[in-house]
Amino acid sequence: FGLGMKIDSGLLERIEAFLYESDLGTAVTELILDEIEKESRKKLLLNEADIRELMLRLFGEMFKDDELSIPLEQNQPCVVLVVGVNGAGKTTTIGKLASHYSASGKKVLIIAADTYRAAAIEQLDIWAQRAGVEIIKNLEAKNPSGIVYDGIQAGISRNADLILIDTAGRLHNKAHLMQELDKIRRVIAKVIPDAPHETLLVLDGSIGQNSLVQAREFSKVTPVSGLIVTKLDGTAKGGSMIAIRKELHIPVKFIGLGEKLGDLLPFSPAMFVNALFG
Amino acid sequence: QLRDNLQTIFKNLRGQGKITEQNIALALRDVRRTLLEADVNYGVARSFIDAVKEKALGEKVLLSITPGQQVIKIIHDEMVRLLGDTQVPLKLDGLPPAMIMVVGLQGSGKTTFAAKLAKQLKASGKRPMLVAADIYRPAAIEQLQILGEHSSVPVYREQNRDVLRICRNALAQARNSDVNVLIFDTAGRLHVDDAMMEELSAIHRELKPREVLFVADGMIGQDAVNAAKAFNARLDVTGIVLTKMDGDARGGAALSIRSVTGKPIKYISAGESTEDLEAFHPERFANRILG
Ligand SMILES: Nc1nc2c(ncn2[C@@H]2O[C@H](COP(=O)(O)OP(=O)(O)OP(=O)(O)O)[C@@H](O)[C@H]2O)c(=O)[nH]1
Ligand SMILES: Nc1nc2c(ncn2[C@@H]2O[C@H](COP(=O)(O)OP(=O)(O)OP(=O)(O)O)[C@@H](O)[C@H]2O)c(=O)[nH]1
Ligand SMILES: [Mg+2]
Ligand SMILES: [Mg+2]
């Protein structure tokens, strides 16, 4: 924004454009602009570094007690349910998660519970092979509950540390699909009473304000405990993750930065701010 | 929502004088906010508001309708005008087979759309063939083959690491048969991935397809303009497709993409099954974006 610029309406307008174009949305943009105006009263000239600092402070504060890790320290498999709308990156992300945890010595089991989409199981199978982990699948299965039930039983008998469940993409405004998700969650709880221990909502980083609606609606059916924001290796900034954190207090656990097995990073607010100004 | 707000703002104006800078400023602030929350790009929203302001200022307030309704009509009409025409047809003329390239960002719905389009073309008497040009995504070829079977449309596939070769061979095979429409399903890619964008350019340069359809996720946010501009600059896109419109996203991306590319929106995908492909209706879309 230029060195040592006096905060006038011209600069504020440019900052506002910058914030909106990062998909931060109205609530977060207005919050930041308020903070900037307050700051400019203390210190007449603000430059880009000051604004960056201010945002780091704001977001750092917002995200500070977030639990990024997945609860793996228990004497039973940690069950992670992966959900989200169509094409967000769930299947690919599960491959990355499997590789990530398997590399740190954990025994990972993947359950192919997308029994709907063409070649979904084949796609996940390839990821399981790449990550070097076992997969529970049934090409004849017509509904996900059965495979989820069998898969968790298998995970228990094989002493898996982590069970990752891939589900079919679903739009949150489709009642029958959200009911199916509710049923999956109940089936999981039947096998392990306090499972799923983690429900990760995968969000496409290029999606706009609908991300917040997705987070709200999915949370009504399965308590979403973490977000994974994908496709941030493009030009999208994924700003809606901030709006979601602010309104629903759901932490971002990982971000997806590509289509390969290793393209997954644990999240940090600094990462977000740097990418924003990057 | 917006309509009610605007009605309220203009409630006091009925039958008196003109729509002025003052009274329109409040209304336009509301409109701008509506557009941003509907995912219309910031810059595009700005231009839209300026255009509406220009049209609205100096309009005499008619006695037959309320000023609020008048402004709403200006806003609605301007949006419909910008969104473009309905039923812009595919260019399938010329020496057969007519070629259609389906391109876009990862996960936007290209493969699903390609199969739907193939089915629709077949139903209208064409003899389409799908080309599996995504050799990267795990099981992408299988996915297209399954969808092709469901639509009873043949799928050209080849074990080859050279995508241009695959496309070239598919064309050769089509020419040796009675296939008259060839639909290339390409891999999702980032507009900032030069190597992958060059792959598309190479196919485009050599095969010169009549149609290049940019498929965008209907829920996409501010980044829509970046991707659309880049794909259009590289390939001179001939049409836009918005998918997943059976969701509840407002779809402001339609206005953004249309504004920055100037290209027609040719199809709306509103569901996962092969029947869910519709023509674009600017009126309906304007209502959706304006909420
Ligand atoms: N560039 C990029 N592409 C990604 C990323 N994550 C996933 N993708 C791509 O996005 C597309 C969709 O990914 P999938 O894993 O199939 O998404 P999904 O959520 O399982 O999709 P459905 O099962 O159909 O709902 C694929 O082409 C992936 O390679 C990412 O972080 N960056
Ligand atoms: N609800 C709904 N889902 C859709 C629509 N179009 C596609 N999908 C779903 O979106 C997901 C992604 O679709 P694909 O056709 O695999 O997307 P793609 O662009 O080919 O993905 P890549 O090849 O990985 O870039 C799948 O789950 C599709 O079933 C639509 O109009 N509505
Ligand atoms: Mg999937
Ligand atoms: Mg595809």
Side-chain angles (χ1 to χ4, degrees), chain A residues 13 16-26 29 85-92 95 116-127 129-130 168-174 177 203-214 217 230-231 233-240 256 258-259, chain B residues 32-33 36-43 45-46 105-112 115 136-150 187-193 216-227 230 243-253 256 271-272:
Chain A
E13 151 92 43
E16 182 189 63
F18 171 74
L19 296 174
Y20 267 115
E21 288 179 335
S22 311
D23 282 316
L24 284 165
T26 310
T29 296
V85 303
N86 309 68
K90 300 175 291 300
T91 303
T92 307
Y116 174 68
R117 215 206 64 221
I121 297 176
E122 288 84 334
Q123 180 191 11
L124 187 61
D125 201 352
I126 291 169
W127 281 115
Q129 287 173 40
R130 288 180 182 177
R170 71 200 64 229
L171 293 180
H172 49 279
N173 58 332
K174 304 270 168 102
L177 295 181
L203 294 169
D204 180 326
S206 65
I207 301 307
Q209 298 310 298
N210 199 251
S211 291
L212 182 52
V213 182
Q214 290 173 25
E217 294 305 313
T230 62
K231 308 179 197 171
D233 45 321
T235 48
K237 307 292 185 182
S240 51
E259 301 185 77
Chain B
R32 198 189 75 132
R33 184 175 184 136
L36 289 171
E37 294 185 346
D39 290 321
V40 174
N41 174 264
Y42 187 90
R46 183 102 199 256
L105 298 173
Q106 287 89 345
S108 60
K110 299 175 292 300
T111 303
T112 307
Y136 310 99
R137 169 174 159 151
I141 298 176
E142 282 82 340
Q143 180 190 12
L144 190 64
Q145 284 180 313
I146 292 169
L147 294 178
E149 269 175 49
H150 291 166
R189 69 204 64 218
L190 294 175
H191 50 290
V192 293
D193 184 335
D217 191 320
M219 314 178 257
I220 192 171
Q222 299 285 318
D223 198 48
V225 299
N226 299 325
T243 63
K244 308 177 202 172
M245 292 314 298
D246 45 323
D248 56 12
R250 300 269 291 285
S256 306
E272 289 186 82

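Just so you know, these numbers come straight off a predicted model, no measurement behind them. Chain letters run A, B, ... following the sequence lines, proteins first, then strands; residues in each count from 1.
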When B/Gly247, B/Ala139, B/Pro138, B/Ala249 are compared by non-hydrogen pairs under 4.5 Å with chain A, the top option: B/Pro138

Contact class of A/Glu13 relative to chain B, heavy atoms under 4.5 angstrom: both

Which portion of A/Lys237 sits near chain B, non-hydrogen atoms under 4.5 angstrom: neither

Best-contacting candidate, B/Gly218, B/Gly221, B/Gly107, against chain A by heavy atom pairs under 4.5 angstrom: B/Gly221

Contacting moiety of B/Arg250, where chain A heavy atoms sit under 4.5 Å: neither

B/Asp248 versus A/Asn210, side-chain donor and acceptor atoms under 3.5 Å: yes

Side-chain (A/Arg170) to main-chain (A/Val85) donor-acceptor, under 3.5 angstrom: no

Segment of B/Asn41 engaging chain A (4.5 angstrom heavy-atom cut-off): side chain

Backbone N/O of B/Ala187 and side chain of B/Arg189: donor-acceptor pair under 3.5 Å: yes

Main-chain N/O of B/Tyr42 paired to B/Gln222 side chain as donor or acceptor, under 3.5 Å: yes

Flag, side chain of A/Asp23 to backbone of A/Ser240, donor-acceptor distance under 3.5 Å: no

Contacting moiety of B/His191, where chain A heavy atoms sit under 4.5 Å: side chain

Contact class of B/Asp193 relative to chain A, heavy atoms under 4.5 angstrom: neither

Residue part contacting chain B, namely of A/Asn173, when any heavy atom lies under 4.5 Å: side chain

Sidechain-backbone polar pair: B/Thr243 side chain, B/Gly109 backbone, donor-acceptor under 3.5 Å: no

A/Thr230 (side chain) donor-acceptor with A/Gly256 (main chain) under 3.5 angstrom: no

Engaged part of A/Glu122 at the chain B interface, taking heavy atoms whose separation is under 4.5 Å: both

Engaged part of A/Ile207 at the chain B interface, taking heavy atoms whose separation is under 4.5 Å: both

Audit row: B/Glu37, A/Thr26, side-chain hydrogen bond (donor to acceptor under 3.5 Å, both in side chains) steps and yes/no: CA-CA 7 Å; B/Glu37 294 185 346; A/Thr26 310; 2.9 Å; yes

Region of A/Gln214 in contact with chain B, defined by heavy-atom distances below 4.5 Å: side chain

Residue, of B/His150, B/Glu142, B/Lys244, B/Met219, that accumulates the most heavy atom pairs under 4.5 Å with chain A: B/Met219

B/Gln106 backbone acceptor or donor facing A/Lys231 side chain under 3.5 Å: yes

A/Asp125 portion near chain B, given a 4.5 angstrom heavy-atom threshold: neither

